[in-house]
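Reckoned from all heavy atoms, side chains included, excluding hydrogens, waters and symmetry mates. Numbered from 1 within each chain, the chains take letters A, B, ... in sequence-line order.
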Amino acid sequence: MNRRSRLHVPRTPARPGQRPDFSYVALSEAGAVPRPEVAARARDIEELSVELVRVLDDAALAVGPWNPHLDPEELQVGLRHMVLTRLYDDRMQRMQRAGKISFYIRSLGEEAVSVAQCMALSPGDMLFPSYRNQGLHIARGIALVDLMCQVLSNTRDMCKGRQLPVMYHSVPHNLFSISGNLATQFPQAVGWAMAAAIKGEDHLAASWIGEGSSAEADFHHALLFASVYQAPVILNIVNNQWAISTFQGYAGGEQRSFAARGPGYGVPGIRVDGNDFLAVYAVTQWAAQRARTGTGPTLIELVTYRAAAHSTSDDPSRYRAKDDYEHWPLGDPIDRLKRHLIALGEWSEERHQALVSELEALVVSSWQEAVTHGTLTDGPKLDSDLMFEDVFKEMPRHLERQRALMREEKEMPWPP
Amino acid sequence: MNRRSRLHVPRTPARPGQRPDFSYVALSEAGAVPRPEVAARARDIEELSVELVRVLDDAALAVGPWNPHLDPEELQVGLRHMVLTRLYDDRMQRMQRAGKISFYIRSLGEEAVSVAQCMALSPGDMLFPSYRNQGLHIARGIALVDLMCQVLSNTRDMCKGRQLPVMYHSVPHNLFSISGNLATQFPQAVGWAMAAAIKGEDHLAASWIGEGSSAEADFHHALLFASVYQAPVILNIVNNQWAISTFQGYAGGEQRSFAARGPGYGVPGIRVDGNDFLAVYAVTQWAAQRARTGTGPTLIELVTYRAAAHSTSDDPSRYRAKDDYEHWPLGDPIDRLKRHLIALGEWSEERHQALVSELEALVVSSWQEAVTHGTLTDGPKLDSDLMFEDVFKEMPRHLERQRALMREEKEMPWPP
Amino acid sequence: MASMNMVQALNSAMDIMLGRDPSVVLMGEDIGYFGGVFRATEGLQRKYGEHRVLDTPIAEGGIVATAIGMGVNGLRPVAEIQFADYIYPGFDQIVSELARIRYRSAGEFHAPITIRTPCGGGIRGGQTHSQSPEGIFTHVSGLKVVMPSNPFDAKGLLITSIEDDDPVVFFEPKRLYNGPFDGDPHKPAIPWSTHPKGQVEEGYYRVPLGLAEIVRPGSQLTLITYGTMVHVAVAAAEAMKVDAEIIDVRSLVPLDSDTLCTSVRKTGRCIVAHEATRFSGFGAELLSIVQEECFWDLEAPIQRVAGWDTPYPHAFEWEYFPGQRRIALAIRAVLESA
Amino acid sequence: MASMNMVQALNSAMDIMLGRDPSVVLMGEDIGYFGGVFRATEGLQRKYGEHRVLDTPIAEGGIVATAIGMGVNGLRPVAEIQFADYIYPGFDQIVSELARIRYRSAGEFHAPITIRTPCGGGIRGGQTHSQSPEGIFTHVSGLKVVMPSNPFDAKGLLITSIEDDDPVVFFEPKRLYNGPFDGDPHKPAIPWSTHPKGQVEEGYYRVPLGLAEIVRPGSQLTLITYGTMVHVAVAAAEAMKVDAEIIDVRSLVPLDSDTLCTSVRKTGRCIVAHEATRFSGFGAELLSIVQEECFWDLEAPIQRVAGWDTPYPHAFEWEYFPGQRRIALAIRAVLESA
Ligand SMILES: Cc1ncc(C[n+]2csc(CCOP(=O)(O)OP(=O)(O)O)c2C)c(N)n1
Ligand SMILES: Cc1ncc(C[n+]2csc(CCOP(=O)(O)OP(=O)(O)O)c2C)c(N)n1
Ligand SMILES: [Mg+2]
Ligand SMILES: [Mg+2]
């Protein structure tokens, strides 16, 4: 093995100490990408998978065929959800640092993905999120207190203390239980959509995974089954450029866009500016119409940036350039929508400040209520008997016995 | 659930009783598809994944840019390997019916795939076959007797009786051990190629799976890792239209070609007439040059037809039109190469008959030798102690104990 | 009552459930038009349509994953994995998802799925058509695991499994599909019509999960087994002329340990037998439970009879298979000792 | 001798093997530039290059499969699975391929691969960062399974595993990475520098597979365990003031049953303990072997101590974890009875 290795290793543009370099991100002009018929065949619209659908131009105005023409009220609602998502994240991050919760994951810089997509879908559509889609839960209207109680694993935790923080679910809001195992939800969403089709129902399913997770087998199964049965499903790859410390090139992004995987399966792939609220909304609406009109599945790549650490356990300064987010070419989703509304004369710095203050107050009051139901360290605790429930619908005898043993163990004086 | 199902179910063109319909097979004229530079970038040659590379025209002459210009001697060698493969298959099929072996799988109608591809590669290239690539073993020159002894699980079985018939391997011939688990060899071949690149060696790896098997996760992993590390590997999908009873539409073929999966990963996909010896040879040679010159992996879809039953356990008359093979638009690979050689004035019916008789005699004499080493039903038997070897490199104590128990059990008089 | 082999009994169970419950769907490789490589779903697609009986791509992981999604959306999928040897590509979706969805969502979501899969050896299938991986699944909290040994139980247990709101992995000993098998490959095969358990009610009936069955009452020793080995055990006990109490576990999870232990307390001697490899096989759990609960009643060490700890070799099928001789040696051991 | 924690010891083992053997390569998610989420491979890519220490896509199945291909082509891959909870996507390649290649090719092909993966609880990781799936792998013929309980063994066993020509699944109890843990989360964490096994030779050395270690000799009972539970067992025995012989299994496959049985023959009483769920866990195999080989020496039923048969719950970590109390109850039971 003295001969030189010929193995190709993907290049990571900027490591610590190097200057950020986003020249690898293929951009299109706002308004430049045509909007095909909803009924278009996958093979006739393959270009969508390498272009970048954008609506907001540098002047923060909406241009081109993908402009969804939302009225200002809707845009203000979207802005509100995004700001609330970010403020919620900030607070939870600080609470983790304060030792009140064990773990947290922020979606900083990716708020438009969840919020715009959720608003473009209807409430009956079933969502299969990843752990970085809290905007979906907020846009679907779950009370912050409920999210916080889950994160606290307290007595009002919807998961009865069984899941890590952020692994939410909600039956009434049609949000599926989040899994710690990457990508598993992707083909499950396809199955849900197949069932909707079998039952002749109109609802579609949508799921989200990170670009790194697209390497898992589940990604392939999702695209394949969606294609074979033409399931009414929207499969979203959130390309935030990083998988913990690993650059998207290691997931295949160096050779081709992630959206480009779709056409190979006969599924339309469409690449969109994930920080452009209007573009994300429009593309999702288009995909939803396809699903509802029996035109089948769509794969959407949302190009965005993970502005924060992977999670509270992570320190990105070890593996990427410090000031990279300032150089990110697609800007910040909240800032861009805010500027658009201001350009429309429908918003102002003052109103924005007021919104921020109002929502900060909401977050604070919600937290104050949530902690009355307990935190990791103090307050009321969940009954540990709950540990043995829901393994099966009815508790089998061997678990009843183990529950009894656990109680005995807890009562036992220790040290003896 | 009284509402009509909207689920799409792939259409199978011809079931028993219906007339064969191959109108779904997209064809190109012989010679019509351009041959790109070996150094071409995947994204610039995506068309190759939906065209069909063909060299032999209706007059059985070689035309167009893909003509590999092989001299007649090479073509005659190819013909010989293909005829031998078919005669070997015939004989083993009959021996299974005669109860001499437990199971067999023929490659009838697909001989050009294995033989032409093997001839286009070099002996040092590592091959990871499926169970329907016996032409590789024959073209690599493994003695028929050795293949037969494996199929017989007899005292000279290369697998020491551990594998089903046809699950061959050969270290000297660089043929990896065949697995009964579909598609697992595909990403293994990529790993082998990555190691070759790491070691700076020139050899490439090639692997084969059926179109049905491309649904397995291993297919996705193979393409992804091959793309990420630009591994020197050739990934072949043998699209013989059927996976046991299941039509290729259920593997995704209804929406798009299988070769088209490649470009989505940034891997060139190329679709070739799998029954055209010259086209298969040329395409494989092209892909091999790419691999050896550091241009990376290639995905090849070989369009062919499974003319026989899936295996000796299968009865295709239960699920497909009886006379379908006569209607198959790409003809028979042996017949087409034979006609080409005759058209070149390098072959004749007489010489062909002579070849067939010579090879039939070889098959018969090989079988006669093979059975002297035992058959399922009689003759010498493998020592059952072998069952406990090679689980680990050295036999651990618990297996030594079990071997002793087995011996005791065998000596025990029964009924007591 | 009708005479059915195990394949017909399974087919009848699925036919009845497709008819009774519109949310039941079948899915798997070659199960639709073709009716399955073992014919278990024969005729069902013709009868209930392509949207109730789905042919799928060859992707066990995708089959389980989409079945989960369907289950979450109110269907009751019955997924066939063509051979148990091919269930591993679906392992992550079974272990990390199917088994835990109810738990992690605090009971708010669940997927009532039955995974049917043929297991076991004795058909010259070699190492990739003969495996008995049931033990692995019994270690996964949240899964129910079932293995019938005859047509009557197969039908009743499958109906119960399909109706169960928890996920069930349903193992079918393929060597028993066409007839009982006592472990002697040289005897002519006998059909189920000759066996009382081959008489099966044509209509709907349930055999509950979590109940073992005493196949043959006895006083000298307790032989705990399941699947194909039930018949081998009966034959071995008869050949050895011992008055063995033979128990068919049927439901591995939940396990009817009371029936097992009551018997061992009575006989004081115990053998556990299965086709699966011995090391860390389900026999170890059966032995452990009996040891823990019946220690003071044991008059001899509990014996395990199992497949050897190697892959299942094609050429040595009968040296590998735990036949009557292997059970006989264990019977001697439990009876002789002390 | 240097003081190392378990992460440093593992890092040292890989560093030494990368240096000694050019065919050794490391691969896994985030292991290269970043050095791994637990820092086990820190600095190794910088030292040996991107072609010896590979960052991979997030596809455990692809990692194992390509590692197999590399192994067949003469390399000696050490693959990291970021958490044992995420090994299941690679299960098919491990069980159907890695474990069987030598067997099915009659010894002509093999893949000398080590799969390293952090396992176990005690770090508030919840159900998908706390699992102990080792028992499943011990049921797969052809795999070796190892779990160290301290830095000295971790380094020596990892070197031996990497040099072993059979596939090894190497479980690392992540709660022990930074220090021994006696099961009491309220005590301040102590570093390995305070523990004799935290003293590690800087150079190359091997700890053989297949040898258990008597951690603490004793006469009253035998406590068989491995991984994190070794330290919990020692603490529990001391708290209970019993003269327990505590054995660290270290190598689950191949298993050193002689050392275990010799001890039980001496003490007549036995407890097996592990973090993994109880039902069909590796404890069942340990119990079975002891019962089979030491039955006549047993003065009380063998007791099992394990995790409950539920997923690992985030909020009830310490009610779930088999701590000193659970062992104490088992100690009472084996000593009291009869
Ligand atoms: C099957 C599996 N493998 C590995 C992990 C560990 N892990 C958690 S998050 C993560 C990175 C995911 O990156 P990406 O998919 O891009 O999502 P992002 O975090 O960027 O939103 C990894 C490797 C896991 N949770 N599950
Ligand atoms: C993982 C796995 N699943 C299922 C099977 C059963 N099986 C054997 S061959 C086959 C059909 C394969 O079809 P294809 O890949 O098209 O190859 P062909 O037989 O047409 O050459 C199936 C489903 C298997 N061997 N392995
Ligand atoms: Mg990412
Ligand atoms: Mg095929």
Side-chain angles (χ1 to χ4, degrees), chain A residues 1-10 41-43 46 49-50 193-202 214-221 223-232 249-267 269 292-294 296-297 299, chain B residues 1-10 41-43 46 49-50 193-202 214-221 223-232 249-267 269 292-294 296-297 299:
Chain A
M1 297 220 298
N2 2 40
R3 290 166 63 189
R4 249 188 101 282
S5 169
R6 301 151 177 257
L7 189 78
H8 171 78
V9 176
R41 294 187 321 165
R43 64 189 56 184
E46 296 195 358
S49 69
V50 288
M194 287 170 65
I198 288 171
K199 295 191 283 180
E201 292 168 358
D202 294 321
S214 69
E216 292 286 1
D218 296 301
F219 169 81
H220 167 67
H221 295 144
L223 276 157
L224 179 64
F225 281 67
S227 169
V228 167
Y229 302 103
Q230 292 292 291
Y250 284 88
E254 190 179 50
Q255 302 295 332
R256 210 85 179 97
S257 78
F258 291 90
R261 299 272 175 88
Y265 293 85
V267 174
R292 290 190 218 288
T293 54
L299 177 67
Chain B
M1 295 217 300
N2 1 39
R3 288 169 61 189
R4 249 186 104 284
S5 169
R6 302 151 175 256
L7 189 77
H8 171 78
V9 176
R41 293 186 323 163
R43 64 189 57 183
E46 296 196 358
S49 69
V50 287
M194 287 169 66
I198 289 170
K199 294 191 285 180
E201 292 167 358
D202 294 322
S214 69
E216 292 285 1
D218 295 301
F219 169 82
H220 167 68
H221 296 143
L223 275 158
L224 179 64
F225 281 67
S227 169
V228 167
Y229 302 104
Q230 291 292 292
Y250 283 89
E254 190 179 51
Q255 302 295 331
R256 210 86 180 96
S257 78
F258 291 90
R261 298 272 175 89
Y265 293 85
V267 173
R292 290 191 218 289
T293 54
L299 177 68

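Checked by atom type and distance alone, the side chain of R43(B) pairs as donor or acceptor with a backbone atom of Q255(A) at under 3.5 Å.
Looking at E46(B), only its side chain comes within 4.5 Å of chain A, counting heavy atoms on both sides. With a 4.5 angstrom heavy-atom cutoff, S49(B) does not touch chain A via any of its atoms. When heavy atoms are compared at a cutoff of 4.5 Å, A196(B) does not approach chain A at all. For a residue to count as touching a neighbouring chain, one of its non-hydrogen atoms must lie under 4.5 Å from one of that chain's; by this rule F258(A) does not touch chain B.
E254(A) places a side-chain heavy atom less than 4.5 Å from the side chain of H8(A). Proximity of R256(A) to R261(A): side-chain heavy atoms (C-beta onward) are nowhere separated by under 4.5 Å. In this structure, the side chains of D202(B) and R292(B) stay at 4.5 Å or more apart for every pair of heavy atoms.
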Could you walk me through whether K199(B) and S5(A) pass the side chain to side chain contact (heavy atoms under 4.5 Å, CB included) test, one step at a time? CA-CA 6 Å; K199(B) 294 191 285 180; S5(A) 169; over 6 Å; no

What pairs of donor and acceptor atoms, side-chain ones from residues 223-230 of chain B against any protein atom, are under 3.5 angstrom apart with sequence neighbours left out?
unit_1	atom_1	unit_2	atom_2	d
S227(B)	OG	Y265(B)	O	2.6
Y229(B)	OH	D55(D)	O	2.5
Q230(B)	NE2	S227(B)	O	2.8

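Put simply, of A193(A), A197(A), A259(A), the one with the most heavy-atom pairs under 4.5 Å next to chain B is A197(A). When the candidates P10(A), P263(A), A215(A) are compared by the number of heavy-atom contacts under 4.5 Å with chain B, A215(A) comes out ahead. Highest contact tally toward chain B, considering only G266(A), A42(A), G294(A), G200(A), is held by G200(A) [criterion: heavy-atom pairs under 4.5 Å].
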